[in-house]
Amino acid sequence: MGKGYYISKQLAITAVLLAALAVIIIIALSIAYSKEKAKNEPKFNNEVQTSPPSSTSPSSNEPWDKYRLPDTLSPIYYNITLWPRLTMDNQGMYIFTGESRVAFECVRETDLILIHCHKLNLTLFEGRHAKLMGKYNTKAPAIRKTWFQEETQYLVIQLEGTLKQGKFYLLYTEFRGELADDLEGFYRSEYEENGVKKVLAITQMQATSARKAFPCFDEPAMKAIFHITLIHEPGTVALSNSRDIDPEKLQINGHDVISTRFEPTMRMSTYLVAFIVCEFTYTSKPNDNKDVKVRIWARKNSIEEGHGDYALNITRPILEFFEKYYNASYPLSKSDQIALPDFNAGAMENWGLITYRETALLFDPRTSANGNKQRITSVVAHELAHMWFGNLVTLKWWNDLWLNEGFASYVQYLGADYAEPTWNMKEQIILYDIYSAFAVDSLVSSHPLSCKEEEVNTPAEITQMFDTISYSKGAAVLRMLSQFLTEPVFAKGLSTYLNQFAFGSSTYSDLWDHLQMAVDKTQHLKLPHSVHDIMNRWILQMGFPVVTIDTQTGNVSQKHFLLEPTSVVERSSEFNYEWFIPIKWIKSGVEQEQLWLLQKSVMHKPLKAGKGEWVLANLNVSGYYRVNYDNENWHRLLDQLTTNHQKIPVINRAQILDDAFTLARASIINITLALRTTKYLSMEREYIPWEAALRSLSSLFAVFDRNEVYGPMQAYLRKQVKPLFDHFTSVAANWTTVPAGHTDQFTQIIAMSLACSTGVQGCRDLTKHWFRQWMQDPEHNRIHPNLRSTVYCNAIAAGGVEEWDFCWKMFKKATVAAEAVKLRSALSCTKQPWLLNRFLDYTLDPEKIRKQDATSAIGSIASNVIGQPLAWNFVRARWEYLFKVYGTGSFSFARLISDVTARFCTPFELHQLKQFQKDNADVGFGSASKALQQAIEKTTARIKWLAENKEQVLKWFISETE
């Protein structure tokens with residue numbers, strides 16, 4: 001599936017009352033709807049609805065009070081018919097109706113059926129919520145009692161007799177649900193096209209929302225075949241996981257409709273089921289006679305303007321790459337990808353019907369930046385990788401989510417590199433995944449990649465697994481594994497793994513087995529331990545090591561790295577926080593033989609450096625660990641950077657910067673040593689080191705942009721970035737063109753962004769001039785798409801209400817999602833508090849800011865030094881509302897906490913954070929629970945670090961700018 005302001009108490013209370021009023025109105029409408037729907041809505045059959053009985057106590061030990069399904073039943077297939085209404089009913093609601101038949105085998109004799117069902121109103125049959133039938137001459141027992149168990153989201157069916165082992169049965173239900181705008185389950189999205197409002201019905205089932213669309217055994221290992229039929233209005237198209245079979249025109253209760261039936265799916269998990277009813281159209285390759293039909297779907301205007309063409313052009317090459325890589329054919333007969341106006345995640349790997357945010361699939365060469373194109377390539381490669389790893393072979397339970405998402409996050413770089421071989425995509429994993437994982441995994445509130453099944457039960461706990469650890473650390477350790485096995489051996493093990501577990505489910509140990517078999521068949525590859533023994537240390541204990549090399553003695557040692565070294569790690573580890581570490585290294589630019597660190601400390605004589613020699617470990621950051629050296633080696637590395645930095649590989653120049661600043665934040669090395677790594681940047685022209693430097697320096701900005709260190713720090717960075725700014729002024733013909741190189745275009749953006757933010761002469765005047773030109777001629781935006789985010793933000797920051805209102809107007813008019821994102825982000829750059837408060841209020845109104853973008857918009861405001869306290873008070877005052885709307889199903893919700901607390905570095909702010917935790921204990925934190933713990937831990941570490949380092953940082957910056 002791709003981050004103390006002051007608000008009046010009266011305003012906060014008013015917001016809470018408004019939210020409460022909205023809840024009361026919704027409840028009232030629901031009651032009225034329940035009473036009237038039978039006579040006011042068209043039906044599949046005659047039906048009578050009643051409210052479900054109240055749930056019994058969740059504290060009992062009954063099967064229906066457990067979150068995991070019992071191992072008594074196994075689904076075989078579903079027959080599902082759904083009819084979404086894309087017009088509002090008499091109660092002002094959008095609804096869908098449906099019926100489902102699920103056939104299942106009884107694995108163990110039982111008198112109980114538990115099936116997931118949430119927020120659905122089920123038809124009663126003789127007072128029961130379902131009908132049960134036997135199959136193949138099997139007699140089904142009568143249903144004694146049915147009810148809904150709200151806490152665990154079950155329809156509970158108690159039987160008069162028992163289901164017999166090895167026999168097959170069929171459960172029939174009819175139901176109604178709301179097509180809400182909550183971005184999960186079966187929901188609706190709205191947009192305008194040519195001035196006309198359009199509504200579409202779409203799905204997002206992962207992780208536990210299929211049960212909101214139809215009753216189902218909603219666990220990933222409960223795979224089945226799905227026979228899906230969608231009833232929809234003429235003029236709309238219906239899509240699902242498989243190809244459609246001859247849509248048929250019908251009349252139902254006086255309504256002209258189309259019934260579209262789909263081919264049976266492959267055996268698959270409920271979270272991968274997808275169906276869509278919309279007025280979209282598609283683009284495909286003319287005369288493409290391949291067995292697999294490839295189509296890109298979007299709004300009609302977007303397709304007509306060619307915005308789907310880039311995604312279409314890269315899809316088949318990426319599919320062909322993965323077929324070769326996995327040594328397995330694409331399992332389906334079609335590959336549909338669709339761009340949606342409202343979508344909570346970046347994308348979702350539904351088998352055969354991948355759903356995306358518009359920004360992750362659509363590319364407009366006139367308005368989309370180079371970065372937008374790279375994001376599309378990466379996300380498409382990530383989702384297509386899942387078609388095999390995740391969909392064909394699926395995790396058994398969500399505790400192993402990392403296996404799905406970490407794997408796709410790693411191989412997306414391989415697929416993207418194949419599609420765009422000049423982009424150096426394989427190197428960028430260190431920026432977008434490895435360093436992101438390091439930041440979270442250095443906290444005691446981190447968690448292992450894989451935990452015990454019983455640690456992940458509730459929907460909120462499952463949602464929390466969709467975090468940086470699962471995606472980015474998963475990618476990092478799998479990349480490391482691939483590096484020391486070699487890519488051919490790694491791919492060979494994957495191939496046999498996929499073949500054995502096709503259409504089934506597995507655990508990480510199954511993958512280790514197959515990789516070990518591939519190793520055993522490779523005579524030249526010798527590992528110090530088995531794949532199991534090596535990799536279990538990386539996935540079953542949290543964190544990572546810092547490897548310390550003493551080049552004076554040749555000693556190399558490891559230690560669990562923690563951002564706050566004095567923190568107490570409460571989570572025990574059977575491996576005692578030791579790892580088996582592969583170390584690739586170079587000496588004075590020459591690559592040496594790889595060594596393994598298999599214990600706490602060992603002497604390795606080749607690591608001793610002679611006179612003038614330097615050692616650099618973790619070549620190309622192939623391993624998931626940080627590196628520290630003796631002071632003498634650090635100084636030699638820094639001397640090499642300032643004399644001839646190109647002798648050190650590009651990725652390792654970034655590594656030196658990132659490792660040094662992180663080690664300094666943990667008080668392992670002196671902060672002035674870390675600051676010295678930036679002195680060579682005036683000579684650097686490569687993207688990856690500059691991006692790493694900015695990310696490292698961002699931690700300094702976070703704690704210093706509100707005190708006296710900020711001025712000297714800005715002056716120093718201005719001096720360092722000016723040569724880069726001048727370089728692009730020259731090669732880009734005074735900023736009228738962009739460089740030809742892909743990553744050079746990213747470096748150009750850094751040059752302008754940092755130059756403007758630090759006050760390099762002429763930069764801000766340039767951005768203000770360009771923006772003013774656009775304001776004078778709104779129909780012709782001549783600012784290059786690559787530079788728009790920087791130009792917009794700086795112009796809004798320097799301007800007032802006139803510039804802000806113009807930006808807002810253009811945001812509302814934007815028809816390309818990528819352009820809308822740039823404008824929305826720029827609105828948060830203003831220095832006017834009242835405008836920021838107005839923008840915060842807009843995030844509560846879906847007519848102004850789509851729900852999918854609300855938490856991101858609040859986070860953008862928090863990234864503004866003026867907006868951060870405003871956003872923090874806003875979140876505190878409206879936490880109950882935000883939690884209700886986003887707290888359980890939103891993957892971006894956890895990022896909201898980290899965004900609004902990113903600058904916290906004072907005891908008072910820490911007190912506020914802890915008070916916030918205490919005040920909202922009754923409301924809860926849902927999928928943001930871990931993010932809150934991490935925010936407290938990071939704030940505590942910043943306070944301590946600031947007290948110890950502020951004065952010497954101030955002196956260093958002053959000395960470097962005098």
Side-chain angles (χ1 to χ4, degrees), residues 3 5 7 11 14-15 18-19 22 180-184 187-192 197-200 202 204 299 339-346 356-360 788-789 792-793 796 801 803-830 832-864 866-868 870-887 889-897 899-900 928:
K3 319 153 135 178
Y5 104 86
I7 185 169
L11 183 57
T14 300
L18 286 172
D181 61 349
D182 56 0
L183 308 178
E184 58 186 28
Y187 71 96
R188 81 176 186 277
S189 174
E190 299 176 2
Y191 65 99
E192 275 196 11
K197 176 184 171 181
K198 306 283 188 179
V199 178
L200 62 152
I202 53 186
Q204 170 56 31
R299 312 184 200 195
L340 301 170
D342 296 287
F343 195 66
N344 191 34
Y356 294 82
R357 282 196 180 200
E358 291 182 329
T359 52
R788 287 184 183 182
S789 290
Y792 295 170
C793 183
I796 295 297
V801 65
E803 287 78 8
W804 200 95
D805 284 346
F806 173 77
C807 189
W808 174 257
K809 178 183 175 183
M810 301 314 290
F811 165 69
K812 296 305 290 181
K813 284 179 61 178
T815 57
V816 177
E819 177 70 1
V821 168
K822 296 181 183 71
L823 291 162
R824 175 169 51 81
S825 179
L827 291 166
S828 66
C829 297
T830 179
Q832 305 292 325
W834 74 274
L835 287 174
L836 291 170
N837 272 327
R838 183 169 79 177
F839 192 25
L840 283 167
D841 287 339
Y842 285 178
T843 65
L844 301 176
D845 183 354
E847 295 295 319
K848 291 184 169 69
I849 301 293
R850 289 183 179 274
K851 280 189 175 182
Q852 67 171 13
D853 300 320
T855 56
S856 174
I858 297 168
S860 293
I861 294 166
S863 69
N864 181 340
I866 293 172
Q868 186 275 324
L870 305 178
W872 169 232
N873 279 351
F874 178 87
V875 168
R876 284 191 295 168
R878 293 162 177 81
W879 181 254
E880 188 168 355
Y881 166 80
L882 292 170
F883 178 77
K884 179 180 181 294
V885 176
Y886 304 105
S890 172
F891 300 120
S892 61
F893 189 61
R895 198 175 308 128
L896 179 63
I897 293 291
D899 285 343
V900 298

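Residues take their numbers from the sequence shown, with the count starting at 1.
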Should Tyr191 and Asp342 count as side-chain neighbours, where that means a heavy-atom distance under 4.5 Å? no
First locate atom CG of Leu896, then atom CH2 of Trp879, and finally report the distance between them rounded to the nearest 0.5 Å. 6.0 Å
Flag side-chain contact, heavy atom, 4.5 Å: Asp841 against Phe874: yes
Taking atom NZ as the centre, does Lys809 end up with more than 12 heavy-atom neighbours from other residues, nucleotides or ligands that are less than 6.0 angstrom away? no
Provide the closest heavy-atom pair for Lys812 versus Glu847 in the form atom of the first, atom of the second, distance. NZ-O, 2.9 Å
Mind checking what makes salt bridge (Lys or Arg N to Asp or Glu O under 4.0 Å) contact with Lys848, not counting sequence neighbours? Asp845
Give the C-alpha distance, both sets of side-chain angles, the deciding distance and a yes or no for side-chain contact (heavy atoms from CB on, under 4.5 Å) between Arg878 and Leu844. CA-CA 10 Å; Arg878 293 162 177 81; Leu844 301 176; 3.3 Å; yes
Do you know which two heavy atoms are closest between Gln868 and Ala862, and how far apart they sit? CB-O, 3.2 Å
State, with a plain yes or no, whether a side-chain heavy atom of Glu190 is found less than 4.5 Å away from one of Lys197. yes
Report the residues that fulfil disulfide bond (SG atoms under 2.5 Å apart) with Cys829, sequence neighbours left out, ordered by chain and then residue number. Cys793
Closest non-hydrogen atom pair between Arg850 and Ser189, with its separation: NH1-OG, 4.4 Å
Side chain proximity check, Gln852 to Arg357, heavy atoms < 4.5 angstrom: yes
For Ala826 and Ile796, which heavy atoms make the closest approach, and how far apart are they? O-CG2, 3.5 Å
If you define the side chain from C-beta out and look only at heavy atoms, does anything of Phe343 sit under 4.5 Å from Tyr187? yes
Quick one: list whatever passes side chain to side chain donor-acceptor pair (under 3.5 Å) with Asn864, sequence neighbours left out. none
Kindly compute the distance separating CZ (Arg188) from CD1 (Ile202), expressed to the nearest 0.5 Å. 11.0 Å
Checking side-chain contact (heavy atoms from CB on, under 4.5 Å) for the pair Val801/Trp834: CA distance, chi angles, key distance, verdict? CA-CA 10 Å; Val801 65; Trp834 74 274; 3.6 Å; yes
Validation row: Leu340, Glu358 side chains within 4.5 angstrom (heavy atoms): no
Pairwise distance CG(Leu827) to CG(Leu835) - rounded to 0.5 angstrom: 9.5 Å
Work out which heavy atom in Ile897 is nearest to a heavy atom in Ala928; give both atom names and the distance. CG1-CB, 3.9 Å
Exercise: identify the closest heavy-atom pair between Ile849 and Arg824: CD1-CD, 4.1 Å
Please examine the side chains of Leu823 and Lys813, heavy atoms only from C-beta on, and report whether any two atoms are closer than 4.5 Å. no
Under 3.5 Å, is there a donor-acceptor pair linking the side chains of Glu819 and Tyr792? yes
Between Ser828 (side chain) and Ser825 (backbone), is there a donor-acceptor pair under 3.5 Å? yes
Any side-chain heavy atom of Pro833 within less than 4.5 Å of one from Ile866? yes
Any donor and acceptor pair, going by atom type alone, linking the side chain of Thr843 with main-chain N or O of Leu840 inside 3.5 Å? yes
Quick check for you: to the nearest 0.5 Å, what is the distance between Ser860 atom OG and Leu836 atom CG? 11.0 Å
Look at the rings of Phe811 and Trp808 and say which category their plane angle falls in: under 30° parallel, 30 to 60° tilted, over 60° perpendicular. tilted
